Amino acid sequence: MELNTFANVRVLFFAKSRELVGEKETVINYPSRISTRRILNELLERYNSLSVISENLILSLNEEYLDINDDLIINLKTGDELAVIPPISGG
Amino acid sequence: MELNTFANVRVLFFAKSRELVGEKETVINYPSRISTRRILNELLERYNSLSVISENLILSLNEEYLDINDDLIINLKTGDELAVIPPISGG
Amino acid sequence: MDHVDIIEDVIKVEKLVDLVTSPSYGAITTFIGTTRDNFDGKNVTRLEYEAYIPMARKKMLEICGMVREKWKVGNIAIVHRIGVVPVKEASIIIAISSAHRRESLESVHFAIDTLKATVPIWKKEIYEDGSNSWKENTEWKHSKING
Amino acid sequence: MDHVDIIEDVIKVEKLVDLVTSPSYGAITTFIGTTRDNFDGKNVTRLEYEAYIPMARKKMLEICGMVREKWKVGNIAIVHRIGVVPVKEASIIIAISSAHRRESLESVHFAIDTLKATVPIWKKEIYEDGSNSWKENTEWKHSKING
């Protein structure tokens, strides 16, 4: 039997994504097993304003980049930290 | 008719050549037309102490390196500045 | 020593050079990125930087590790400034010492290239006419697929 | 701007960086050569430098010209210290600014390589036991034939 568990995950927004969303961070309840593509899609549904940069976003989980293109299934637990990462421009 | 003219040339010594010769500069009377190899040979005769680094010396004339290996004939005139250049080590 | 930092103040090159200087290392290379007053013909008034600070520090330390895998270097200091960075002032300074010069020269080049591709920091250009634009490092496009 | 100098004082990196900084150039690379405390296992107390000053300046200006032929750079500053240079202090600082980073990084590397091959400056290492040795840049051997 597989339990359909969920996790409360902190989601951070930076740079242009922060400006579009209008907040720095939020908490979202996600299934514990979820694909990176689905996380991004749900964020885009929740925050329509993000659509203008949807092609250029990637995510990080607990300070490591997630490869959106691989569309891998990841495990989330409460207390995890996701971040929405628009194209970087440091230096 | 070719005149056998001479030039009084200032000769500078640097670094190890200065230490070996025991002076910073001198004035030497050279033929106006002379090969670079002969200049060097005459310096080595005049300053025997230079022999220990004779294989590693080059010359400059008026702040330009002279190619000893080419053994070219150069024109000297009074007031010219020759320098004895041991291997450089700046930086 | 690996020193990485993200600060809101002016970065002093002398301070970073002092940090990496050592009697054992005869070569120090520094790279300084400063705010230019123009971009594509537009007048830039200032830049505003923001960072995902803990992840940026982590990625900067990873760059130190990569440098040490590739070159024999002495000390590494990488400091990025965030907040407003006026024209002519430094947003990034990298300083690396090594016994001989090649290592410090090559590793500083590698470190700034890699920083631009991997460290989550963002820059907004503010133009004279009041408009602004979030920038995108070209290095990012190439590295994105590999996460 | 091409600034070359040979001085008997401490060289300040901040001063050279200020010299080459400009609102038009977003990248500054510096190379600093400092006195190491050891060579081949011997303890070095200090270095003594001497220069054929007018020719050295001329050759340093030639390096500026070569850099500008190869890269689009902004300002160039090359300062060599002569006389006694104690351990940890700088004998040479090169700073080059450019609009983008590649030019300043590559041209500083080229400038220090070329300086070591062409500029008539000499270094004597003084060891702890009182002995000393005039050094020879490996770059010199390769470039000697071409004058």
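For clarity, every value in this text was computed on a predicted model and none was experimentally measured.
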Would you give the length of the straight line joining atom [atom1] of [X] to atom [atom2] of [Y], rounded to the nearest 0.5 angstrom?
X        : Y         : atom1 : atom2 : value
Arg36(D) : Asn43(D)  : CZ    : CG    : 11.5 Å
Lys58(C) : Leu61(C)  : NZ    : CG    : 10.5 Å
Thr45(C) : Asp129(C) : OG1   : CG    : 8.0 Å
Lys59(C) : Cys64(C)  : NZ    : SG    : 13.0 Å
Thr35(D) : Glu125(D) : OG1   : CD    : 9.0 Å

Which portion of [X] sits near chain C, non-hydrogen atoms under 4.5 angstrom:
X         : result
Lys116(D) : side chain
Ala95(D)  : neither
Thr30(D)  : both
Tyr25(D)  : backbone

Could you check whether any side-chain heavy atom of [X] comes within less than 4.5 Å of a side-chain heavy atom of [Y], counting everything from C-beta outward?
X         : Y         : value
Val20(D)  : Ile96(D)  : no
Tyr127(C) : Val44(C)  : yes
Trp140(C) : Lys135(C) : no

Identify the heavy atoms of Tyr52(C) and Trp122(C) that sit nearest to each other, and give their distance.
->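 Heavy atoms only, the tightest pair is N-CZ3, 3.5 Å.
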
What's the shortest heavy-atom distance between Ser104(D) and Ser107(D), and which atoms?
->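 Closest pair (atom of Ser104(D), atom of Ser107(D), distance): O-OG, 3.4 Å.
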
Heavy-atom contacts under 4.5 Å, residues 65-94 of chain D to chain C =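 Residues of residues 65-94 of chain D touching chain C at under 4.5 Å: Val87(D), Lys88(D).
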
For Ser98(C) and His100(C), indicate whether the former's side chain and the latter's backbone hold a donor-acceptor pair under 3.5 Å.
-> yes

Among His109(D), Arg102(D), Glu106(D), Arg101(D), who wins on heavy-atom pairs under 4.5 Å with chain C?
-> Arg101(D)

For chain D, which residues of residues 3-14 of chain C have at least one non-hydrogen atom nearer than 4.5 Å to it?
-> Lys12(C), Val13(C), Glu14(C)

Best-contacting candidate, Asn38(C), Val17(C), Leu105(C), against chain D by heavy atom pairs under 4.5 angstrom = Leu105(C)

Measuring heavy-atom distances to chain D, does Ser22(C) have an atom under 4.5 Å in its side chain, in its backbone, in both, or in neither?
-> backbone

Pair Glu48(D) + Arg46(D): basic N to acidic O under 4.0 Å = yes

